[in-house]
Peer 1: 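Attaching a single structure in structure tokens format; questions to follow.
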2 protein chains.
Amino acid sequence: MNLKELASKLGLSPTTVSRALNGYPEVNEATRERVMAAAKRHNYHPNTRAIRLATGRAMAVGHVIPVATRHEIVNPVFADFIAGAGETYSRNDYDMVLSVVPDDQEEDTYRGLKSKGNVDGVIVHAPKMHDPRIALLHDIGLPFVVHGRATGTTLPYSWLDVNNRRAFQRATEFLLDLGHRRIALVNGLEFMDFAIRRRTGYVDALSARGIAPDPALMSSDEMTEIAGYRAAKAMLAARARPTAFLAASMISGMGVRRAIEEAGLSMGRDISVIIHDDDLSYMKNGEDVPIFTATRSSVREAGRLAADMLLDLIAHPGPGPQQRLLEAELIIGQSTGPCPKP
Amino acid sequence: MNLKELASKLGLSPTTVSRALNGYPEVNEATRERVMAAAKRHNYHPNTRAIRLATGRAMAVGHVIPVATRHEIVNPVFADFIAGAGETYSRNDYDMVLSVVPDDQEEDTYRGLKSKGNVDGVIVHAPKMHDPRIALLHDIGLPFVVHGRATGTTLPYSWLDVNNRRAFQRATEFLLDLGHRRIALVNGLEFMDFAIRRRTGYVDALSARGIAPDPALMSSDEMTEIAGYRAAKAMLAARARPTAFLAASMISGMGVRRAIEEAGLSMGRDISVIIHDDDLSYMKNGEDVPIFTATRSSVREAGRLAADMLLDLIAHPGPGPQQRLLEAELIIGQSTGPCPKP
DNA sequence: AATCGCCCTCAAACCGCTTTGGATGCCGCA
DNA sequence: TGCGGCATCCAAAGCGGTTTGAGGGCGATT
């Protein structure tokens with residue numbers, strides 16, 4: 001059932017039917033209702049492919065998921081972000097198209113998306129320092145929103161980010177207030193922008209209290225359970241071991257906890273731990289009482305908001321880039337306590 | 001730059017250029033090369049929207065991600081599956097379009113995808129018992145592949161699944177061979193098809209050795225750390241506690257491990273644990289030596305294969321449904337050992 | 001030299017919708 | 001009565017490709 005058939009069934013022209021269905025004013029209300037009813041009755045849905053060609057809009061946004069060719073990790077945060085963004089898209093009748101590409105083919109992918117015209121904009125995931133994608137997208141003129149920011153990039157661009165620096169600064173201060181002095185950082189990979197900002201916040205907080213950051217207490221690796229476990233285990237084995245940890249994610253934190261317990265120590269009493277909690281749906285940080293004290297910011301909500309921003313950018317290209325900085329909340333759980341006296 | 005422009009630049013008709021680019025035989029090789037070169041030089045990419053309209057094919061497949069309206073959980077397995085499927089799609093120039101929908105709107109979503117014509121087929125995720133989606137898709141005539149199976153469905157359909165029953169049967173036998181008699185099952189939600197099959201395997205193995213399954217040792221809940229922790233904690237607190245656990249996932253298993261350690265017991269010595277390992281990229285089960293003894297099956301590989309199957313189904317609709325059952329491997333880690341003497 | 005056949009190329013229809021630019025009819029008003 | 005104006009509706013031209021059916025050119029065959 002297509003427009004033409006529907007129109008002839010109604011004894012109207014395709015033009016009028018199209019206008020009736022799309023709410024144009026130059027059609028009699030009675031006619032419109034007749035058309036609407038017939039469309040519903042015959043289960044008519046306009047062919048998306050034709051609409052796209054006729055209007056020139058793709059009614060779709062792209063998410064390019066880079067898969068690191070070296071360590072083949074798919075960011076676990078991704079599923080929840082997508083879920084959030086997806087809600088926005090379905091509300092607005094947009095499609096979400098995913099491209100999973102090796103990270104050395106990202107450039108081609110973006111160019112392709114633009115010139116083949118199958119998306120109206122893209123969301124950029126996991127920005128790195130000096131991320132080249134921003135200049136690239138700027139060049140090819142494809143609307144985009146970055147989830148995160150790219151330190152070192154001078155071009156103005158739209159982004160939505162969590163205040164990672166502030167979050168880790170506050171977390172560090174919280175530990176300092178509890179009397180901790182040897183605080184370890186189990187960070188993500190520090191070519192990722194968010195990881196750099198987190199370290200900055202951590203270092204700033206220490207420095208503000210006159211404590212020199214100790215390289216032996218700072219590690220940087222993938223945010224996996226194993227990596228967290230190993231980093232914590234090594235630090236706990238050292239002569240002057242930390243009394244507190246700052247971990248980059250829930251999963252890292254679980255590794256840290258394992259190392260602590262394996263060392264015969266008790267998390268929360270002997271050793272304090274604060275994690276960053278993305279509030280992933282399958283990785284809840286406890287229920288009424290959080291397991292981990294955490295800086296929390298819902299990545300799903302971030303997905304919703306980033307998608308909103310992108311759709312707005314697509315609809316109103318004029319006003320220029322938008323930015324939005326979300327604050328993480330510091331929630332107190334069972335994993336922190338006063339620094340034990342030596 | 002579009003076909004017409006390119007054609008006029010070359011002094012050829014659009015027809016010839018189109019044929020040259022698409023490898024049709026009725027065009028001179030010299031001409032073809034000239035066209036190819038010009039296309040590259042002018043960075044010509046055919047407009048996807050036009051191709052889709054002209055050919056009637058969407059060159060896209062849909063993944064409908066149901067988001068449970070009650071417990072808003074996004075399956076963590078999902079990201080890796082998508083990554084695998086995505087590799088197949090990009091190799092074949094297909095797009096992947098995701099629809100994130102509340103699970104009570106799934107039917108409308110599938111109907112919409114079909115009648116609006118924006119996908120050529122779909123992958124069905126997370127089948128439940130008597131899953132109504134299979135009959136629905138059958139009805140509306142949209143090619144599909146189910147990741148998993150739907151017990152109780154009589155229609156023939158295409159699926160790709162892991163032999164969950166066998167995997168859990170083998171795991172149970174392995175524990176029995178180690179002398180364990182009180183083996184607990186920390187299962188996923190048992191309206192999910194895979195969870196039912198796993199329980200069947202577990203029960204079968206016990207029964208085969210003349211052990212009656214003990215309801216007190218069988219739990220079923222979401223596959224989260226918390227749920228695993230709580231189930232294990234409750235069972236460990238009982239008078240006759242289990243000496244071994246079978247956990248539904250890596251994450252559940254981490255909860256089980258926490259409960260074990262919190263009870264002052266040692267995993268692998270006092271209590272054995274076997275998990276099912278989906279081989280998620282961000283959730284590796286150790287490195288050289290696995291942390292957990294596990295039934296392992298890569299969900300990413302499953303994504304690749306399911307996508308292959310679907311594309312084949314789309315290209316060759318004739319032969320009818322395809323099925324493929326993958327066997328999980330049993331890998332031995334540090335979390336299992338002989339049943340301690342009482 | 002005429003005919004056949006093959007190779008290459010082209011004009012035009014088509015995919016299903018949107019949108020521009022009229023056309024038609026009816027009303028009110030001067 | 002005549003005309004402008006408004007409310008409705010329609011024909012046709014795109015959008016940018018693919019594909020059918022036909023034609024021109026040329027060497028080979030008779």
Side-chain angles (χ1 to χ4, degrees), chain A residues 1-36 38-39 42-60 93-95 112-120 315, chain B residues 1-36 38-39 42-60 93-95 112-120 315:
Chain A
M1 171 63 57
N2 58 21
L3 226 207
K4 210 185 295 182
E5 287 173 33
L6 185 64
S8 81
K9 255 189 220 308
L10 282 161
L12 290 170
S13 77
T15 309
T16 304
V17 176
S18 169
R19 295 205 149 135
L21 293 173
N22 292 316
Y24 282 73
E26 55 271 84
V27 46
N28 193 324
E29 268 316 310
T31 313
R32 185 193 308 282
E33 274 165 32
R34 205 160 59 89
V35 171
M36 293 285 210
H42 293 95
N43 192 31
Y44 168 74
H45 291 270
N47 183 304
T48 314
R49 296 190 292 266
I51 294 182
R52 292 192 215 267
L53 179 59
T55 61
R57 290 175 308 164
M59 293 303 285
D93 284 318
Y94 265 73
D95 274 355
L113 285 176
K114 169 68 178 185
S115 57
K116 298 191 297 177
N118 39 11
V119 302
D120 296 322
Chain B
M1 172 62 59
N2 58 20
L3 225 208
K4 212 184 293 180
E5 288 172 32
L6 185 64
S8 81
K9 255 190 220 308
L10 282 161
L12 292 169
S13 77
T15 310
T16 305
V17 176
S18 170
R19 295 205 147 136
L21 293 172
N22 292 316
Y24 281 73
E26 56 269 84
V27 43
N28 192 324
E29 266 318 307
T31 311
R32 186 193 308 282
E33 274 167 30
R34 203 158 63 88
V35 171
M36 291 287 211
H42 293 95
N43 194 31
Y44 167 75
H45 291 270
N47 184 305
T48 313
R49 296 189 294 264
I51 293 182
R52 293 198 217 274
L53 179 59
T55 61
R57 289 174 308 163
M59 294 303 286
D93 284 317
Y94 266 72
D95 275 354
L113 285 176
K114 169 69 179 184
S115 58
K116 298 192 297 178
N118 38 11
V119 301
D120 296 322

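A note on names: the letters A, B, ... follow the listed sequences, proteins ahead of strands, and every chain is numbered from 1.
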Peer 1: Does C:dC8 have OP1 or OP2 sitting under 4.0 Å from an N or O in the side chain of B:Asn28?
Peer 2: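 Answer yes for this pair, as a side-chain N or O of B:Asn28 is under 4.0 Å from OP1 or OP2.
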Peer 1: Between D:dT18, C:dT9, D:dG17, spot the one nearest the side chain of B:Asn22, thanks.
Peer 2: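 The answer is D:dT18, which lies nearest to the side chain.
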Peer 1: Dot-bracket for DNA chain D: what is it, with Watson-Crick or G-U pairs under 3.5 Å, [ ] where a pair crosses earlier ones, and | for a pair to another strand?
Peer 2: ||||||||||||||||||||||||||||||
Peer 1: Whether B:Tyr44 contacts D:dG17 is assessed here as follows: a side-chain N or O lying under 4.0 Å from the phosphate OP1 or OP2. Is that the case?
Peer 2: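 Checking B:Tyr44 against D:dG17: at least one side-chain N or O falls below 4.0 Å of OP1 or OP2.
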Peer 1: When you match B:Thr16 and B:Thr55 each to their closest nucleotide on DNA chain C, which lands nearer the 5' end?
Peer 2: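 Between the two, 5'-proximity favours B:Thr16.
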Peer 1: Measure the shortest side-chain to side-chain distance between B:His42 and B:Glu5 over non-hydrogen atoms and say whether it is less than 4.5 angstrom.
Peer 2: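 Contact flag for B:His42/B:Glu5 side chains = no.
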Peer 1: Among D:dG17, C:dT18, C:dT9, which is the nearest nucleotide to the side chain of B:Ile51?
Peer 2: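 Closest of the options to the side chain of B:Ile51: D:dG17.
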Peer 1: Side chain of A:Leu12, heavy atoms from C-beta onward: which of C:dC10, D:dC10, C:dT18 has the nearest atom to it?
Peer 2: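 Output: D:dC10.
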Peer 1: Between C:dA11 and B:Thr15, is there an OP1 or OP2 to side-chain N/O distance shorter than 4.0 Å?
Peer 2: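 Result: no.
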Peer 1: So, does A:Arg52 use its side chain to make a donor-acceptor pair with the main chain of A:Asn118 at under 3.5 Å?
Peer 2: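 Side chain of A:Arg52 to backbone of A:Asn118: no pair is present.
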Peer 1: Examine C:dA11: is either OP1 or OP2 under 4.0 Å from a nitrogen or oxygen in the side chain of B:Ser13? Give yes or no.
Peer 2: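 Negative; the distance criterion is not met.
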Peer 1: Describe the nucleic acid contact of B:Gly11 in one word from base, sugar-phosphate, nothing, applying a heavy-atom distance below 4.0 Å.
Peer 2: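 Contact class for B:Gly11: sugar-phosphate only.
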Peer 1: Kindly check if the number of other-residue, nucleotide or ligand heavy atoms within 6.0 Å of CZ (A:Arg32) is above 12?
Peer 2: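 Yes, CZ of A:Arg32 has more than 12 neighbouring heavy atoms, counting only those of other groups under 6.0 Å.
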Peer 1: Are the side chain of A:Asn28 and the backbone N or O of A:Ala30 linked by a donor-acceptor pair below 3.5 Å?
Peer 2: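 The answer is yes, because a donor-acceptor pair under 3.5 Å joins these two groups.
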Peer 1: Quick one: do A:Lys116 and B:Asp93 make a salt bridge, cutoff under 4.0 Å?
Peer 2: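 The answer is no: the pair does not qualify as a salt bridge.
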Peer 1: Supply the atom-to-atom distance B:Arg49 CZ to A:Thr55 OG1, rounded to the nearest 0.5 angstrom.
Peer 2: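 Reported value, rounded in 0.5 Å steps: 7.0 Å.
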Peer 1: Using a cut-off of less than 4.0 Å, is there contact between a side-chain N or O of B:Tyr24 and OP1 or OP2 of D:dT18?
Peer 2: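 Result: no.
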